[in-house]
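Worth knowing before you read on, the calculation uses all heavy atoms, side chains too, and leaves out hydrogens, waters and symmetry mates. A note on names: the letters A, B, ... follow the listed sequences, proteins ahead of strands, and every chain is numbered from 1.
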Amino acid sequence: MALPSPLRRLFDYLPTRQPPACGWQVGLRVRVPFGRREVVGVVAELANGSELPHDKLRAISEVLDDAPLPNDWQWLCHFAARYYQHSLGDTMQLAMPARLRQGHPMGGRTQTLWLPLSPGDDLILQRAPKQAELYALLRQHPHGLAGRAVTAHGFTREQLLALQKKGYARAQETALTAAQPASGGLLASPSLPLNREQASALAVLHEKLESYHPCLLEGVTGSGKTEIYLQLIEALAAKGKQSLVLVPEIGLTPQTLARFKSRFRVPVVALHSGLTDLERLDVWEAAANGRALVIIGTRSAIFTPLKNPGAIIVDEEHDSSYKQHDGLRYHARDLAVARAHYHNIPLLLGSATPSFESLQQALSGTYRHLRLTQRPSRHPPAKLELIDLRHQRRQGGLLPNAISAIKSTLTSGKQALVFINRRGFAPTLACHSCGWIAECGQCDSRMTLHRQPPLLACHHCDSRRALPDACPECGSGDLRALGSGTERTEETLQGLFPNVTVHRIDRDSTRKKESFEQILKEIQRGEPCLLVGTQMLAKGHHLPHVTLVVVVNADGGLYAADFRALEHSAQLLEQVAGRAGRAAHPGRVLVQTLHPDDPHLGQLAEHGYGALARSLLEERRLAGLPPFCFMALLRIESPHEEAAIALGQQAAQALHQWLTIVKLPVRCLGPVPAPMERRQNRYHVHIMLAADKRSQRHTAANWLVQWLEANREARKVRWSIDIDPQTLA
DNA sequence: AGCACGCCGACT
DNA sequence: GTCGGCGTGCTC
Ligand SMILES: [Zn+2]
Ligand SMILES: [Zn+2]
């Protein structure tokens with residue numbers, strides 16, 4: 001039995017007296033007693049006996065399904081658990097919808113839909129503002145709103161029942177059907193004509209529609225990658241085959257969804273965060289039984305079972321949201337590769353700024369390399385103009401050049417985007433008399449100064465503090481905010497251009513659910529305005545009226561300790577630059593930097609991401625870094641620094657010895673303190689493994705995990721293994 | 001990870 | 001006297 005427990009092993013159980021109707025099968029979901037509680041597990045193996053004495057065994061309490069969970073799903077769970085060195089039971093729990101995890105039955109479900117009624121006069125609700133508000137919400141959904149969705153909007157069941165009693169709403173039980181079978185033809189709207197490049201890319205995809213065929217679609221922003229996805233999906237849907245489309249976390253917007261849904265008449269379903277648990281299960285089943293032909297979702301959607309797999313598409317394949325950063329640290333793009341191979345189907349990875357991993361596979365010929373270089377708007381992507389931050393005064397982080405460019409953009413009736421990868425007002429609060437700096441009490445980091453609302457906040461833990469009136473060290477009142485974040489730049493720009501709307505877009509300003517969408521809508525209306533924002537703004541949103549992009553500081557990744565920092569920051573720069581002049585107007589991109597002579601930055605500005613990526617790949621090859629080696633990172637974490645270091649040393653020593661004995665060529669670096677050693681009062685220590693071959697890395701990581709599981713000291717600290725780590729944080 | 005057991009400090 | 005702090009150990 002694979003059970004929800006971090007223990008990397010299976011548990012033996014006796015069968016129920018009556019076998020289930022389908023007979024005992026691997027993949028059946030069951031309820032079993034485990035310790036002092038009951039849990040939901042999955043039959044992982046059938047055996048005629050156990051190594052445990054009979055009296056230690058307990059019996060299965062209940063079989064939950066009349067058929068095993070889908071084979072492809074089981075295979076993927078096994079693969080992921082093994083590849084990422086994780087517990088199979090935990091992996092399966094994570095990979096199944098919450099309802100199944102909780103032991104609810106599959107199939108035949110209904111949900112309560114609430115529909116608005118018009119009793120004639122709205123006066124009765126005047127004395128019940130909350131109910132009036134709820135009624136207004138229902139009016140926006142004339143086809144009904146699920147009960148769960150209503151409560152998700154912050155209303156109570158009582159309010160619904162009250163509305164029902166007064167005749168303003170009625171309840172209706174409906175079968176959940178995420179995917180209605182298609183009627184009529186395949187397409188709801190015709191495909192768009194392709195340019196020459198697009199047509200030849202699609203032709204390559206058509207060469208091998210029914211076998212494993214990994215392709216990297218490298219296409220600049222606005223070159224029409226989505227149209228290729230749509231026409232590939234169309235070709236497969238015509239054969240009754242399903243396509244699984246992965247998109248980045250912020251990419252699953254109503255607009256993206258609408259683009260897919262409006263093209264096809266066949267059922268398109270989406271796994272997004274707004275779904276209730278029941279709706280999520282329904283989508284999962286619609287995929288598993290083949291009803292849904294197009295399934296769109298973020299990272300976790302890679303675990304959706306497919307009855308008739310046709311292709312897997314990963315949009316913006318370089319996006320960091322595909323990597324899970326806790327628990328099972330899987331990379332959805334990498335699982336997509338494994339899965340496409342298993343199903344023997346095409347795999348399409350799309351990006352304007354491919355990850356070095358995928359680019360290397362394409363350059364070496366392992367993946368087919370499809371390129372789109374033309375933009376329908378005719379003019380080429382804007383070149384980056386580097387401007388020197390040294391020896392110049394800036395206001396809110398902006399150089400005079402940048403400010404005058406913003407001014408002329410506004411005068412010509414266009415919009416400008418100012419990109420700062422730092423939220424808050426200022427990253428540092430310092431005392432001008434004695435040099436004291438506001439630091440977090442729980443982390444090795446500084447507190448960020450916020451103005452809205454005014455407080456000091458740590459961006460690495462939840463600690464918050466009121467703004468001090470005076471320096472706690474020397475009592476001086478001369479406390480100064482050093483550096484700029486989005487809030488400060490917003491304030492500066494508002495001061496410089498008082499008659500223009502300045503939209504700030506970061507995690508703080510868009511915390512409220514729909515405000516981001518609302519701001520975007522307003523921006524898309526096209527009035528001249530300024531946008532100040534973090535990476536949220538950089539990714540794939542349609543900003544057709546932006547003709548100027550200003551990058552406040554491009555130096556983040558230039559001299560960082562993390563060897564991937566430059567790759568990620570080049571991707572970000574290229575993406576932000578892609579926001580400039582998307583529509584009919586050519587754009588400008590101003591990049592402020594302290595290192596205008598940096599060769600990498602120069603290459604990015606002069607020749608673009610593709611060229612920089614290729615030469616950085618060469619540097620990676622020479623340095624023996626990924627993708628030319630395979631890494632695993634062991635993180636050790638404890639409130640006691642000594643405990644974390646001690647275990648790190650023990651583990652590294654044991655590993656070294658074993659590597660020598662078995663003559664396994666795997667490098668082991670560390671233990672070293674993590675880049676920010678203390679976070680939330682926990683000390684972080686790293687050990688990095690690197691090998692030339694995946695299999696060697698796997699063997700070493702597997703040994704290390706088993707050593708840790710058997711080690712008594714290791715139980716006193718928290719540890720986790722990260723296969724193919726993306727960052728050192 | 002849960003969840004219990006167990007053994008010592010400061011409270012009604 | 002007991003309420004609860006978290007160290008230790010187990011889960012077929
Ligand atoms: Zn001071
Ligand atoms: Zn902190």
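- Rounded to an integer number of Å, the gap from Glu38(A) CD to dC3(B) P is 13 Å.
- The side chain of Arg37(A) lies closest to dG2(B), out of dG2(B), dG9(C), dT8(C).
- Atom CG of Asp326(A) is separated from atom P of dA1(B) by 11 Å (rounded to the nearest Å).
- With respect to the salt-bridge test (charged N to carboxylate O, under 4.0 angstrom), the residues Asp277(A) and Arg99(A) do not qualify.
- Salt bridge status for Asp72(A) with Arg339(A): present, with a side-chain N to carboxylate O gap under 4.0 Å.
- Residue contacts shown for Pro33(A) are limited to sugar-phosphate atoms, with no base heavy atom under 4.0 Å away.
- The side chain to side chain donor-acceptor pair (under 3.5 Å) with Ser351(A) is formed by just one residue from the set Glu317(A), Arg333(A), Gln571(A), His318(A); it is His318(A).
- With rounding to whole Å, Glu713(A) atom CD is found 15 Å from dG9(C) atom C1'.
- Across all strands, Leu14(A) comes closer than 4.0 Å to no nucleic acid atom at all (heavy-atom distances).
- In this structure, the CZ atom of Arg715(A) is 19 Å from the P atom of dC3(B), given to the nearest Å.
- Contact annotation for Leu57(A): backbone-only contact, meaning every heavy-atom pair under 4.0 Å involves sugar-phosphate atoms and none involves a base.
- If you take CG of Leu52(A) and C1' of dT11(C), they are 11 Å apart, rounded to a whole angstrom.
- Looking only at side-chain heavy atoms (C-beta outward), Trp284(A) and Pro70(A) come within less than 4.5 Å of each other.
- The interatomic distance linking Arg8(A) (CZ) with dA1(B) (C1') rounds to 12 Å, in whole Å.
- Looking at heavy-atom distances under 4.0 Å, Arg712(A) makes contact with sugar-phosphate atoms alone, never a base.
- Residue order along DNA chain B, read from the 5' end via each residue's closest nucleotide, puts Leu7(A) first among Arg36(A) and Leu7(A).
- Rounded to whole Å, the distance from NZ on Lys716(A) to P on dG7(C) is 11 Å.
- The distance from atom CZ of Arg9(A) to atom C1' of dA1(B) is 13 Å, rounded to the nearest whole Å.
- With salt bridges taken as basic N to acidic carboxylate O contacts below 4.0 Å, one links Asp692(A) and Arg667(A).
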